[in-house]
Amino acid sequence: MRYAMLIDTLKCVGCSDCVVACQTENDVPMGYCRDWITEVVNGQYPNLDLELKSERCNHCDNAPCVRCCPTGASHKSTGGIILVTANECIGCGACIESCPYDARYQHPEGYVDKCTFCHHRLEKGQLPACVSVCPTNCMYFGDLDNPNSEVSQLLNNRKHKTLAPEAGTKPQVYYLL
Amino acid sequence: MLSIILYSNMNTTRRKFIKISALGLGGVATTTSVINMFGSNSVIEGLAINNIEKKYKRTATYCEICFWKCAAWAYTDEEGKLTKIIGNKDDPHCNGRLCPRGTGGVGMYADEDRLKTPLIRTVVNGEQTYREASWDEALDLIATKFKAIKKEHGAEALGLLKHGCPGAHFEHLFRAFGSDTMAEPAYAQCRGPRETGFALTFGSWVGSPEPTDIRDTKCLVLIGSHIGENMHNTQIQEMSEAIDRKATIITVDPRLSTAASKSNYWLPIKPATDIALLLAWMNVLIEEGIYDKKYVEKYATGFDELKEHVRQFTPEWAYGITTIKPEVIRKTARAMGAASPSVIIHPGRHVVWYGDDTQRERAIAILNALLGSWGRRGGFYFKEKINVPSFPHPPYPKPKWNWEELGEKYPLAQMGITTELIRASIPHKDNKYPVKAWMIGGTNITKSIPDKKLITKAIDALDFLVVIDTMPMDVTGYADVVLPECTYLERCDILRSATNREPNIAIRLPVVKPKYNSKPGYWIAKEIGMRLGLDDYFDYKDMKEVVEWQLKELGTSLEEMKKIGVKKYPRKSGPLYLVESEEHEFPTASGRIELYSHDLKDLGFDPMPLYTKHPEPPQGYYRLNYGRAPMHTFSRTVNNPNLSALKDENKLWVNPKVARIIGLKNDQKVWLKNQDDIISTFAIKVRITERIRWDSVYMVHGFGHRDKRLTRAFGKGINDTELISRIFVDPIMGGTGMRGNFVAILTENPHKNIEV
């Protein structure tokens, strides 16, 4: 099993519903977030391109946060999901520095926190909160090891990219173009 | 390349990270003991087990954060604490997916700045202030004042300004007391011109939710309509489907809006020239013969006049006005023609721009008629709704005059005009319809009505002003009595019944108990009603009794609705679309679609739309454009903790060329001065972006709150409305055009002695 998330940049309007849904689902403390929206504008008026997209932990196959964690709190779990075991985390912040996506933050209680692909919802057969709420339906989630899954099919048929591929992290959040 | 992070608090995270890291180890120690209680190593697994073990209860509601009113399930844990709100899958308004505001509804309930108890204006040591009062005292005072005003001036002198569900309860109270003096900014400050323009053409309002069949359209044309920045849920969802289906999207906007960036064609039009483009499109459709001839012949009247009328309006003519190249005008017209009749020229929603708005909406309606899209799949469907029976009450007394007389200067106004009600509240000799007191419910009117001088003058002259709200909005600061309403999550309310493809109703039940000393709108209306001797009009214990009775009449029950939240009914008015083999009578005077309007002609207006030139910004000034952000509704949500975390201030969009001329940097604070020398109260941060033209600036509406009781919103950004002092009134329906104001950018603080 290899979990992956796909986000269709042609449909994302950057409304940030995914951010709010994550906060209420995962009790993310006020002032912090596990996912966020970015905007990129290219060109000069009126020849312009605008890309809006939702970003989060990329659950990398080759995760620098896991490699640099001195206690093993950051680890790879079922389906390639990167998790942090809070009571093994000493809050040293090495993982925060190592992440090329700036996807981690230190929780007020001391441990490091980030997107879990709503691992607790997956166990119940539900989609991650952000995917299930998105009003544009621009987010997809599934198993890349299954060639018939919606995510596998979409990656086969659509142009796509990952963020900072040059970092060699093999991200598992894909952006459809 | 310009790349920025929007709508996130990653920056604050960084700042907090530094602050908190020193405390890190202590924090971990505490965490460990908490986590071990769940017998697991991971917080996440702990949470998961916690979630599964906790018994969540869900309660049916529908959202009140905007007018879309999506049905939802609000979840509470075993302690009764509100945890999250999720869309109802069976609701055609949301299909199980709320927008950020709906999801963030928990913040409206949690907001610690809410109004907590009734307040009465009083004078202490010569200074005006509020004192806390009991409900009895506040309601008794309102009843005494209302009775006195009725005795002296008649009940008609009581004016109601309203929006949303609370409005419905106070409407009933007012009608029962003998006043139909009411208005809401949703008409003359928002969608009025399109309702009047479409009614003149097709005989029907567009209404809300709009009956645009985006789900099946082949071509969607947006003119200054910002789907994606406005979060009109169904429209967003269906536009997304249209993108998937590779429908053609054409967006006309001087700014690269979100929708423009998703479009096949973005027409970066010069502001205030839209009618010229619409006329040129008609010209191409007719000259090239690519309009829906059969449809026009069968259903429309006035085609020959229209053809003659638009002959002169060639794409070459429009080029000089709109700056859109003739070949682009032709290409886009052909794309519409090819998609006909599955094409939508979207009527928009906030359409009060330049004062000729009904005529622009007429042009949009006529274009739709030429393309045969009204009543066609992929165009506009025929909407239907359930008529919810009123709980039995005696007939309302007939007022001597009402909102119609107030707006008599505007012959085709179809709802109360707020600005006319406001004008009637300013004493003057020839005032036939003097208004002496207001009740305001569910609208922050001082922030939605332009021309602050006018509204301030009216408020000063009032004998009495009551404001009902959940938050200490700007308008509450003007009230004699402020009543704290509980949020939609804390009350039973009227049934939602809105037009749609399938008629349906939705229920709103209390999820949690009202916080503080707040009360539901229906309770407030009933209590005032009882004090006014209107017992017969409020012959029920509570809203639940009313709703239960109505549900029974509608062939369902409270029990059933508790389980389903939304109930759909089969259509009774006929098919969704026109049936080709059958005749169809449109509800206009002629029974046909009126391309040429005799109604307008008879009243002395242009029977067919014409382009008129509007003022342009003088040297050193920029056109002030304003719009929406997806996580906010008007000025009402800026203090919501969840939503303000996403966006707590607006920024001034400035083209890089302009920034260079003035010497502006990103995030630099500036003040604005408009053409009438009105200076913004607060400063706004600059956002330099190619997404805006060099002759305009842009900001999101609803910021710059002046009330310190709104701790998260106070002083953040600029209130666009205070800079809108030049109003272009639509002579047809009284709409207040607001897009013709120009601002200069001030880099020095003009409020020398005031710390802002």
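Residue numbers start from 1 in every chain, and the chains themselves are labelled A, B, ... in the order their sequence lines are given, proteins ahead of strands.
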* **Part of residues 131-140 of chain A lying next to chain B, heavy-atom separation under 4.5 Å** => A:V131, A:S132, A:V133, A:C134, A:P135, A:T136, A:N137, A:Y140

* Please identify each residue that fulfils side-chain contact (heavy atoms from CB on, under 4.5 Å) with A:N146, with sequence neighbours left out. =>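 For A:N146, the residues satisfying side-chain contact (heavy atoms from CB on, under 4.5 Å) (neighbours in sequence not counted) are A:D143, A:N148, A:S149.
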
* With sequence neighbours excluded, what pairs up with B:S263 under the side-chain contact (heavy atoms from CB on, under 4.5 Å) test? ->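 So B:S263 forms a side-chain contact (heavy atoms from CB on, under 4.5 Å) with B:I249, B:T251.
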
* Please round to the nearest 0.5 Å and tell me the distance separating atom OH of A:Y174 and atom CD1 of A:I7. =>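 A:Y174 atom OH to A:I7 atom CD1 measures 12.5 Å (nearest 0.5 Å).
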
* Mind ranking A:D8, A:T9, A:T24 by heavy-atom pairs under 4.5 Å with chain B and telling me who comes out on top? =>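 If we count pairs closer than 4.5 Å to chain B, A:T24 comes out on top.
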
* Asked: Among A:Q44, A:K11, A:E55, A:R121, which residue forms the greatest number of heavy-atom pairs with chain B at distances under 4.5 Å?
  ->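 The option with the most such pairs is A:K11.
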
* Side chain proximity check, A:C99 to A:C65, heavy atoms < 4.5 angstrom ->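 No, too far: nothing below the 4.5 Å cut-off.
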
Below 4.5 Å, heavy-atom pairs only: which of [options] has the largest tally toward chain A?
options	value
B:I236, B:V106, B:L98	B:L98
B:G96, B:A259, B:C99, B:G104	B:C99
B:N233, B:D244, B:L643	B:D244

Cut-off 3.5 Å, side chains only: do [X] and [Y] have a donor facing an acceptor?
X	Y	value
A:Y101	A:T169	yes
A:S74	A:R104	yes
B:T83	B:D77	no

Tell me, side chain or backbone of [X] under 4.5 Å from chain A's heavy atoms, or both, or neither?
X	result
B:I227	neither
B:R101	neither
B:N655	side chain
B:N642	both

* Assess whether side-chain hydrogen bond (donor to acceptor under 3.5 Å, both in side chains) is satisfied between B:T103 and A:D17, documenting all intermediate values. => CA-CA 7 Å; B:T103 309; A:D17 203 4; 2.7 Å; yes

* Asked: What about A:H59 and A:Y3, are their ring centers closer than 6.0 Å?
  ->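 So the answer is no for these two rings.
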
* Asked: What residues form a ring-ring contact (aromatic ring centres under 6.0 Å, His included) with B:W73, not counting sequence neighbours?
  -> none

